[in-house]
Amino acid sequence: MTLNGSTPADGPTPGPERPTAAGQDSAGGPGGERSGRPGPVQSAIFTGVIGALAGAALTAHWGGSAVAVGAPAGAVVVAAVDAVARARQRTAEIPALWARIVMSGALAASLGWLVGWLTGAGPLLVGIAAGLVTGLLGLRPQKVIMGPVLGAALGGIALATGWTVPASVMAAATVVLFRVLSAALFRDAQVSLLAERVPASDLPFVVPVPARTRYVGTGYVRDLAEVLGGRYTAQAPGVGIVASLDELAGPGFDPSGVHPLVREFYEHTTRFALDIVPSWRLWVRPGYLLYRTLLARPLGQANLPMNQRETLRGVHSRIDTISGVDGVITVRGWIRSFADTDEPIYVGIYTTYRFDGRGYVSVGFPVPEASFTATLEPCSREDGGLTLRSRGETSHAGHYLTHVDRNTRALTTLAVHGFAEQLDVYVRDGQLRAEHEFWVFGLPFLVLHYRLTGKPAGQG
């Protein structure tokens with residue numbers, strides 16, 4: 001049994017089996033009705049509420065009578081936009097850009113009103129704040145810069161002309177104009193809908209391992225074992241993130257040429273102590289701090305150290321496993337956490353599979369009701385090292401964000417084109433070394449330098 005329920009083109013490999021998406025949730029049995037998208041009534045109610053709040057926020061400055069008109073008008077407009085967009089939406093498409101822009105403006109109006117009411121901030125500060133948040137969400141450095149500049153320009157115009165612009169109007173105008181300009185200036189798609197409500201067997205490069213709760217944490221594999229019914233082993237000794245590098249053989253990678261230390265690391269990862277030295281680019285730090293505070297730490301996932309001072313806390317690296325009745329390991333969860341508190345850094349489910357004569361490493365990072373997968377293509381290095389890269393010669397390599405339907409186990413997957421990574425493990429001067437590089441929109445933003453120490457079997 002593989003994780004996606006399919007048999008690879010080269011036949012089953014001796015590596016770790018993948019847990020099926022069905023095993024991830026005890027709320028329902030296998031099968032069941034497809035839930036699909038929200039029904040038209042549910043969607044109309046949800047978008048109508050957002051529109052009503054936006055309408056009330058945009059008209060609050062003019063008094064109760066204006067709100068009495070603005071709230072229902074906003075509900076009708078936003079609900080109608082959503083209904084038209086969904087009616088025109090084809091299978092495997094996301095809602096039209098113009099509909100998403102309207103929804104963004106509606107949400108910004110409500111939040112802008114709230115900020116103005118709580119702080120009394122004027123149009124300049126509200127514009128800058130709205131632009132900064134929207135720019136950070138856009139991730140690209142160009143967008144990060146453009147957001148607050150655009151907000152400052154709109155706020156400055158309001159001050160210079162003496163216009164009394166409510167905070168809700170300024171926030172909505174900044175966000176809408178930002179989205180329109182972004183669509184015009186940055187036309188290449190960085191995220192695309194790859195598949196909608198398809199069986200896991202259709203996507204062999206996706207690891208469908210969602211978290212069943214809002215917190216992932218270092219106990220994820222233990223909880224998964226209870227669902228799957230396998231035998232759980234914490235901190236399995238001598239286990240690697242892959243069963244054998246031979247599973248990865250292909251046109252670009254010959255396992256026989258790998259240095260023994262590199263092979264030892266992949267096949268017996270827990271024999272090595274792991275230290276991380278992060279090197280962040282300056283431009284990405286504000287966005288990462290926001291992401292880490294609001295998302296990574298509360299989620300217990302993808303919580304990388306910000307600087308070398310944090311790494312002095314120490315990094316605890318372990319692999320928890322789940323085995324079948326025959327004793328064969330079916331799940332390998334590499335868990336990295338801060339040694340002093342066991343606060344999670346990464347929780348990744350490592351798998352291998354073969355397709356069209358090539359082997360791949362797929363790593364699934366659980367998040368609530370979804371998973372983020374990095375599928376990496378192996379390449380040989382001239383020095384006997386191994387490179388795993390997400391942008392290779394094949395279409396399977398890449399990054400994928402997948403929602404797993406709670407009832408049907410069907411997958412809806414986004415391909416994240418704007419993200420890329422490369423991991424190099426090699427030996428230099430007799431020492432095992434590794435560098436893990438990351439790019440977003442083609443721009444490097446992080447390098448993780450790993451210090452790997454230990455006494456592998458057969459070494460003095």
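Nothing fancy with the numbering, it's 1 onward along the sequence.
Salt bridge present: Arg313 and Glu343 bring a charged side-chain N and a carboxylate O closer than 4.0 Å. Between Asp82 and Arg86, at least one side-chain N (NZ, or NE/NH1/NH2) sits under 4.0 Å from a carboxylate O, which counts as a salt bridge. Ion pairing of Arg406 with Glu369 is present here, as a side-chain N (NZ or NE/NH1/NH2) and a carboxylate O approach within less than 4.0 Å.
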If you apply the rule side chain to side chain donor-acceptor pair (under 3.5 Å), what do you find for Thr352 with Glu247, and how did you get there? CA-CA 7 Å; Thr352 60; Glu247 299 170 5; 2.5 Å; yes

With side chain to side chain contact (heavy atoms under 4.5 Å, CB included) as the criterion, how do Arg212 and Val227 come out once you've worked through the C-alpha distance, each side chain's angles and the decisive distance to 0.1 Å? CA-CA 10 Å; Arg212 296 186 300 139; Val227 176; 3.2 Å; yes

Can Thr413 and Glu196 be said to form a side chain to side chain contact (heavy atoms under 4.5 Å, CB included), step by step? CA-CA 6 Å; Thr413 297; Glu196 184 178 27; over 6 Å; no

Go through it in stages, so that I can follow the logic: the residues are Glu310 and Arg292, the test is salt bridge (charged side-chain N to carboxylate O under 4.0 Å, His left out), and I'd like the CA-CA distance, side-chain angles, deciding distance and then a yes or no. CA-CA 14 Å; Glu310 283 192 306; Arg292 188 186 191 193; 3.0 Å; yes

Let me see the working for His399 and Glu421 under side chain to side chain donor-acceptor pair (under 3.5 Å), right down to the final yes or no. CA-CA 9 Å; His399 292 87; Glu421 65 179 291; 2.6 Å; yes

Verdict with reasoning, Thr311 to Asp275, per side chain to side chain contact (heavy atoms under 4.5 Å, CB included): CA-CA 7 Å; Thr311 65; Asp275 289 323; over 6 Å; no

Determine whether Arg222 and Asp320 satisfy the following criterion, side chain to side chain contact (heavy atoms under 4.5 Å, CB included), listing intermediate values before the conclusion. CA-CA 8 Å; Arg222 179 195 61 226; Asp320 291 358; 5.7 Å; no

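Closest approach of Ala108 to Ala172, counting heavy atoms only: CB-CA, 4.0 Å. Considering all non-hydrogen atoms of both residues, Ala54 and Ala106 come closest at CB-O, 3.4 Å. Across all non-hydrogen atoms, the minimal contact from Leu446 to Pro278 is CD1-CB, 4.4 Å. When all heavy atoms of Thr134 and Ala130 are compared, the pair lying nearest together is OG1-O, 2.7 Å. Closest approach of Gly324 and Thr330 over heavy atoms only: N-CG2, 4.1 Å. The shortest heavy-atom contact between Val347 and Pro366 is O-CD, 3.3 Å.
For the pairing with Phe272, the ring pair (Phe, Tyr, Trp, His ring centres under 6.0 Å) check across Phe265, Tyr450, Tyr266 returns one residue only, Phe265. Put simply, the residue from Phe205, Phe419, Phe365, Phe372 that forms a ring pair (Phe, Tyr, Trp, His ring centres under 6.0 Å) with Tyr400 is Phe205.
The side chain to side chain contact (heavy atoms under 4.5 Å, CB included) test applied to Leu299 returns Val216, Gln301, Val367, Pro368, not counting sequence neighbours.
For Glu267 (side chain) and Leu245 (main-chain N/O), a donor-acceptor pair under 3.5 Å exists by modelled atom type. Checked by atom type and distance alone, the side chain of Thr373 pairs as donor or acceptor with a backbone atom of Val207 at under 3.5 Å. In this structure, the side chain of Ser168 does not engage the main chain of Gly112 through any donor-acceptor pair within 3.5 Å. Distance alone, capped at 3.5 Å, is enough to place a donor-acceptor pair between the Trp280 side chain and the Pro305 backbone. The backbone N or O of Leu304 lies less than 3.5 Å from a partner atom in the side chain of Tyr288, making a donor-acceptor pair.
Residues Val221 and Tyr232 are in side-chain contact: their nearest non-hydrogen atoms beyond the backbone lie under 4.5 Å apart. With a 4.5 Å cut-off on side-chain heavy atoms, Leu411 and His403 do not count as touching. Looking at Asp405 and Thr412, their side chains never come closer than 4.5 Å, going by heavy atoms from C-beta outward. Here the side chains of Met103 and Val78 are in contact, with some heavy-atom distance below 4.5 Å. In this structure, Thr351 and Val361 have side chains that are not in contact, with every pair of non-hydrogen atoms separated by 4.5 Å or more. In this structure, Thr293 and Arg297 have side chains that are not in contact, with every pair of non-hydrogen atoms separated by 4.5 Å or more. Residues Leu448 and Phe438 form a side-chain contact, since some pair of their non-hydrogen atoms from C-beta on lies under 4.5 Å apart. Using a 4.5 Å cut-off on side-chain heavy atoms (C-beta onward), Arg336 and Leu274 make contact.
Residue Leu228 holds its CG atom at 11.0 Å from CG of Asp223, rounded to the nearest 0.5 Å. Separating the OG1 atom in Thr402 from the CG atom in Leu194 is a distance of 8.0 Å, to the nearest 0.5 Å. Atoms CZ and OG1, from Arg332 and Thr233 in turn, are 11.5 Å apart once rounded to the nearest 0.5 Å. Annotation: the span from Thr218 atom OG1 to Ile335 atom CD1 amounts to 6.0 Å, rounded to 0.5 Å. Atom CD of Gln422 is separated from atom OG of Ser390 by 8.5 Å, given to the nearest 0.5 angstrom. In this structure, OG on Ser371 lies 7.5 Å from CG on Leu401, to the nearest 0.5 angstrom.
Sorted by first then second residue, the ring-ring contact (aromatic ring centres under 6.0 Å, His included) pairs that include residues 313-334, not counting sequence neighbours, are Trp334-Tyr350.
Under a cut-off of 6.0 angstrom, the local environment of OH in Tyr215 is crowded, with over 12 non-hydrogen atoms contributed by other residues, nucleotides or ligands. Annotation: Gln308, atom CD; neighbour count of heavy atoms from other residues, nucleotides and ligands within 6.0 Å does not exceed 12. No more than 12 heavy-atom neighbours from other residues, nucleotides or ligands sit within 6.0 angstrom of CZ on Arg231.
Using modelled atom types, one finds a donor on one side chain and an acceptor on the other under 3.5 Å when comparing Ser104 with Arg179. Between the side chains of Thr375 and Ser362, at least one donor-acceptor pair of N or O atoms lies under 3.5 Å.
Between Phe445 and Trp439, the ring center distance fails the sub-6.0 Å criterion.
Ring geometry for Trp113 against Trp117 counts as parallel: the plane angle stays under 30°, on a 0 to 90° scale with 60° as the upper cut.
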